[in-house]
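A short worksheet on the structure shown next.
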2 protein chains.
Amino acid sequence: MKLSAATKRMNKSDLKLIAVLERTGGFASAQELHQILRREGDGIGLTTVYRALQSLVDDKIVDLLRREDGEAIYRLCGDNHHHHLVCKSCGDTVEIEGGAIEKWAKTMAEEFGFREVGHTAEIFGICSKC
Amino acid sequence: MKLSAATKRMNKSDLKLIAVLERTGGFASAQELHQILRREGDGIGLTTVYRALQSLVDDKIVDLLRREDGEAIYRLCGDNHHHHLVCKSCGDTVEIEGGAIEKWAKTMAEEFGFREVGHTAEIFGICSKC
DNA sequence: ATGGAAATGATAATCGTTTCCATTTTCGTG
DNA sequence: CACGAAAATGGAAACGATTATCATTTCCAT
Ligand SMILES: [Mn+2]
Ligand SMILES: [Mn+2]
Ligand SMILES: [Zn+2]
Ligand SMILES: [Zn+2]
């Protein structure tokens with residue numbers, strides 16, 4: 001891969017954040033990531049967490065999305081792009097494929113001449129258990 | 001149409017906000033809408049603007065989405081269900097069909113036994129003008 | 001007119017995020 | 001190893017959007 005290029009400007013904090021994001025897997029806010037690190041005994045400051053995440057986003061190593069309330073959430077952007085099916089009642093989440101969405105987003109964007117296109121797509125409902 | 005049902009719980013402030021949103025056309029933040037009203041001599045309070053917008057969103061009369069920085073922006077929504085293609089740079093928005101999405105959401109939800117299903121899907125990029 | 005409910009808006013409180021700034025770490029060079 | 005510059009760090013204050021409070025005003029049905 002081409003991590004080498006990015007690795008150049010990687011500092012200790014960046015690596016810590018990548019590690020946590022790998023471990024947790026899904027989305028997490030800056031504050032949540034900070035708490036996790038703190039809980040594990042790392043004295044990293046909230047400011048540094050924000051800085052590291054910002055730099056990782058700039059280097060396109062991390063994806064930045066928004067929760068419904070506008071809070072920023074981050075995830076490692078890897079080859080495993082996927083979407084979510086979330087239960088409104090119990091919060092359970094299923095990761096699902098979005099092949100149809102990818103095609104749709106690309107098609108629509110092309111049709112209207114948009115570049116550097118991204119998308120969000122989530123499905124929510126009540127799961128079978130609830 | 002069935003505005004009658006919604007009209008019941010419409011108060012003076014709701015109507016003011018609808019009027020402004022009609023006039024301005026596109027998306028605007030609560031603060032921007034407040035400023036516009038103030039500039040026009042209306043002494044409406046910021047709190048009331050937020051309240052009215054929230055109630056309009058609840059009644060599905062107004063669409064709520066987020067700018068890149070997480071700030072909430074509002075817009076009158078047309079009569080049919082649709083999605084958005086938003087320019088990250090200038091904020092221009094195109095309403096688009098989501099037929100593929102509707103099918104995808106329904107299929108996925110069925111597959112995992114979810115009920116009362118809804119979904120969100122937005123595409124964002126840089127428009128041809130920017 | 002009158003009493004209660006709904007609406008209003010100024011102010012304070014929240015909360016995520018950014019800015020400041022003083023201190024500490026890192027690192028190349030002599 | 002010693003030294004100084006540059007990068008990194010983190011606590012505290014500043015910020016900006018949004019929400020919660022609460023006293024006051026406007027509506028309305030009786
Ligand atoms: Mn996707
Ligand atoms: Mn749709
Ligand atoms: Zn559930
Ligand atoms: Zn644009």
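Here the structure is a predicted model, which means the values were calculated and not measured.
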### Heavy-atom closest contact (A:Val49 atom, A:Ala30 atom, distance)
CG1-O, 3.7 Å

### Task
Using the six-membered ring of A:Phe27, assess whether NZ or CZ of A:Arg75 lies under 6.0 Å from its centre and within 45 degrees of the ring axis.
no

### Query
For B:Lys16 and D:dT26, what is the distance between atoms NZ and P respectively, to the nearest whole Å?
12 Å

### Message
In whole Å, I'd like the distance from the CG atom of B:Leu15 to the P atom of D:dT26.
### Response
18 Å

### Summary
Contact span of DNA chain C against chain B, any nucleotide atom under 4.0 Å from a heavy atom, 5' to 3', runs C:dA7 to C:dT11

### Message
Just so I know, are the side chains of A:His84 and A:His82 near enough to count as touching, which here means a heavy-atom distance under 4.5 Å?
### Response
yes

### Query
Between D:dT9 atom C1' and A:Asp14 atom CG, what is the distance in whole Å?
12 Å

### Query
Any side-chain N or O of A:Ser13 less than 4.0 Å from the OP1 or OP2 oxygen of D:dA8?
no

### Query
Does A:Leu17 share a hydrophobic cluster with A:Leu65, counting links as ILVMFWY side-chain heavy atoms below 4.5 Å and allowing steps through other members?
no

Let me check something: any side-chain donor-acceptor pairs from residues 104-117 of chain B under 3.5 Å, sequence neighbours excluded? List them with distances.
residue, atom, partner, partner atom, Å
B:Trp104, NE1, A:Glu97, O, 3.0
B:Thr107, OG1, B:Lys103, O, 2.8
B:Arg115, NH2, A:Cys130, O, 2.5

### Query
Which residues in residues 26-54 of chain A have at least one heavy atom lying under 4.0 Å from any atom of DNA chain D?
A:Arg38, A:Gly43, A:Ile44, A:Gly45, A:Thr47, A:Thr48, A:Arg51

### Task
Whole angstrom is fine here: how far is it from CE in A:Met10 over to P in D:dA7?
18 Å

### Query
Now, which nucleotide makes the Watson-Crick or G-U wobble pair with D:dA20, with each of the two distances under 3.5 Å?
C:dT11

### Query
For the residue pair A:His83 and B:His119, is the inter-centroid distance of their aromatic rings smaller than 6.0 Å?
no

### Task
Take atom CD of A:Glu71 and atom P of D:dT18, then tell me their distance rounded to the nearest Å.
14 Å

## Note on the structure
Between CG of A:Leu17 and P of D:dG10 the distance, given in whole Å, is 11 Å

### Task
Check whether any side-chain N or O of A:Arg66 sits under 3.5 Å from a backbone N or O of A:Gly70 as a donor-acceptor pair, and report yes or no.
yes

### Message
So B:Asp63 and B:Val57, do their side chains get closer than 4.5 Å, heavy atoms only?
### Response
no

### Side-chain heavy-atom pair A:Thr24, A:Val20 within 4.5 angstrom cut-off
yes

